[in-house]
Number of protein chains: 2
Amino acid sequence: MLPTTSDKTIGRLSLYRRLLQGFQADGVRYIYSHQLAGLAGVTPAQVRRDIMALGYAGSPARGYHVEELLESIGHFLDDSGAQPVGLVGLGNLGRALLAYMSGRGSRYSVVAAFDSDPMKTGRVIHGCRCHAVDAMKQVLEDEGIRMAILAVPTEVAQDSAARLCEMGVTGILNFAPVRLWVPEHVYVEDIDLTTALERVAYHARRRATMKESVK
Amino acid sequence: MLPTTSDKTIGRLSLYRRLLQGFQADGVRYIYSHQLAGLAGVTPAQVRRDIMALGYAGSPARGYHVEELLESIGHFLDDSGAQPVGLVGLGNLGRALLAYMSGRGSRYSVVAAFDSDPMKTGRVIHGCRCHAVDAMKQVLEDEGIRMAILAVPTEVAQDSAARLCEMGVTGILNFAPVRLWVPEHVYVEDIDLTTALERVAYHARRRATMKESVK
DNA sequence: AACTTGCTGTGAATTTATTCACAGTGTGAC
DNA sequence: GTCACACTGTGAATAAATTCACAGCAAGTT
């Protein structure tokens with residue numbers, strides 16, 4: 001097994017990449033760990049550790065060469081280049097995600113959407129064709145889709161996930177607030193808006209009272 | 001300082017609550033840690049540890065009393081009951097979040113939205129009045145808003161966040177893919193869709209190849 | 001009433017993630 | 001050249017999160 005890299009590191013590398021792209025656009029050629037750290041909100045040591053995972057090394061005198069570092073991160077995270085993404089569920093959230101994704105020139109583009117509502121199928125929304133759920137197998141194969149965004153109601157999330165897995169999908173970004181049970185070789189990342197909001201509420205309340213009591 | 005509870009625990013408690021509500025609706029009165037753990041996708045020991053933070057204790061013979069446990073979690077997470085939320089940014093994402101939030105009978109409801117586009121202000125969307133950004137101070141005060149969802153373009157996120165902080169907001173749910181710099185007493189939770197998707201892509205690719213190489 | 005069972009609560013061990021701290025080094029100043 | 005500097009890469013220390021493992025106990029069973 002390859003030296004396994006933690007999830008958190010993956011996430012931060014993705015963040016560093018975006019920051020670096022900004023620097024590159026501004027014509028910056030070299031950068032130090034503490035500069036990246038400042039923008040990313042982490043410690044310089046953390047940045048260096050994360051970059052270690054890439055196998056890329058900077059120069060003690062100049063720091064990291066922006067372009068080379070970007071290339072390293074790209075190689076590490078993507079390798080194969082742009083990947084097609086499937087979207088299941090075209091409710092409010094699904095449509096918004098579609099709009100959001102099509103807006104920014106991301107390296108991942110949603111090439112096919114699915115919904116059980118016949119009113120929605122056949123149409124093209126934000127440049128993406130919407131198919132019936134029955135057509136899923138065929139479309140996934142044709143487009144070579146290996147990752148999917150799941151934005152369906154909670155009740156059908158497990159079902160949809162199982163179906164996706166059967167059809168060869170190995171990565172799912174799940175917005176339904178349930179834990180999905182999938183085969184071991186499938187990766188699920190959950191984004192739970194309710195939980196996120198509750199966490200904010202908890203801290204917001206706590207901070208609000210803290211602020212007063214400190215005085 | 002109170003014995004500080006980790007962010008992760010907060011998140012899981014929120015998840016347990018939703019699961020427990022399901023049990024309660026089904027008329028279940030007592031529940032064991034391993035049952036919750038199974039649904040939540042964590043270990044039983046983890047569940048017990050998390051519940052320790054509440055100060056609530058179950059019975060060795062029957063497990064946890066669903067209703068009492070729910071009450072404990074509620075007391076711990078919310079206490080003050082429903083809280084009003086402000087939403088800044090009514091682009092695709094903002095509108096979708098609004099629809100999403102108004103749909104489910106959450107304990108947090110978006111009572112005011114803000115956008116800089118005069119075309120959008122004054123209207124009522126999904127039962128929520130949309131105000132001009134200039135009116136923010138007044139509206140936040142009137143409604144007693146202490147937490148906000150930030151769904152504006154990346155470029156203006158920092159600005160908007162700073163403004164919110166000035167006006168007494170102590171919790172922000174940030175969808176812009178940048179690290180926000182805010183006063184110490186303000187809590188920020190980031191939801192970065194791009195990073196999330198890249199993480200899925202990374203693992204999806206990895207799993208896909210792993211699956212083959214295991215064979 | 002004594003015994004069995006399978007749970008909870010929690011100290012201790014372990015694993016994972018982060019930070020410290022410093023040897024080693026390329027660069028620019030003199 | 002030689003020196004001083006400010007950085008990187010990384011082993012070791014620390015901190016945080018999770019899991020183990022077991023004492024103690026309420027309820028059912030004989």
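Owing to the predicted nature of the structure, the values given are computational and were not obtained by experimental measurement. Each chain gets a letter, A, B and so on, in the order its sequence line appears, and its residues count up from 1.
The side-chain heavy atoms of A/Phe76 and A/Ile10, taken from C-beta on, include a pair separated by under 4.5 Å. Looking at heavy atoms from C-beta onward, A/Ile31 lies in side-chain contact with A/Leu20 at the 4.5 angstrom threshold.
Put simply, chain A comes within 4.0 Å of DNA chain C, heavy atom to any atom, from C/dA17 to C/dT27, going 5' to 3'.
Applying the salt bridge (charged side-chain N to carboxylate O under 4.0 Å, His left out) test to every pair with at least one member in residues 44-67 of chain A, sequence neighbours left out, gives these pairs: A/Arg12-A/Asp50. Contacts classified as salt bridge (charged side-chain N to carboxylate O under 4.0 Å, His left out) and involving residues 193-203 of chain A (residues at least two apart or in different chains) are given here: A/Glu198-B/Arg17, A/Glu198-B/Arg107, A/Arg199-B/Glu189.
Under the rule for a side chain to side chain donor-acceptor pair (under 3.5 Å), A/His126 has no partner lying at least two apart in sequence or in another chain. By the side chain to side chain contact (heavy atoms under 4.5 Å, CB included) test, B/Ala40 pairs with B/Leu15, B/Tyr16, B/Leu19, B/Val42, sequence neighbours left out. Residues meeting the ring-ring contact (aromatic ring centres under 6.0 Å, His included) test with A/Phe114, sequence neighbours left out: A/His131. With sequence neighbours excluded, the residues forming a side chain to side chain contact (heavy atoms under 4.5 Å, CB included) with A/Ser6 are A/Lys8, A/Thr9, listed by chain and number. In this view, A/Pro153 and A/Glu155, A/Val156 satisfy the side chain to side chain contact (heavy atoms under 4.5 Å, CB included) rule, not counting sequence neighbours. For A/Gln83, the side chain to side chain contact (heavy atoms under 4.5 Å, CB included) test picks out A/Ser80, A/Tyr108, A/Met147, B/Ala201, B/Arg205, with sequence neighbours left out.
Counting non-hydrogen atoms under 4.0 angstrom, A/Thr9 reaches nothing in the nucleic acid.
Using a 4.0 Å cut-off between charged nitrogen and carboxylate oxygen, A/Asp142 and A/Lys137 do not count as a salt-bridge pair.
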Please enumerate all protein N or O atoms sitting under 3.5 Å from an N or O of nucleotides 25-30 of chain D, with distances to 0.1 Å.
none

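Across residues 20-35 of chain B, B/Tyr32, B/Ser33, B/His34 each have a non-hydrogen atom less than 4.0 Å from an atom of DNA chain C (numbered order). Within residues 42-52 of chain A, the residues that place at least one heavy atom under 4.0 Å from DNA chain D are, in residue-number order, A/Arg48, A/Arg49, A/Met52.
Between B/His65 and B/Tyr30, the angle of the ring planes goes over 60°, which puts this pair in the perpendicular group of the 30/60° scheme.
Heavy atoms only, all atoms of each residue included: A/Ser160 and A/Val152 are closest at OG-CG2, 4.0 Å.
Here the C1' atom of nucleotide D/dG9 and the CG atom of A/Leu69 are 14 Å apart, to the nearest Å.
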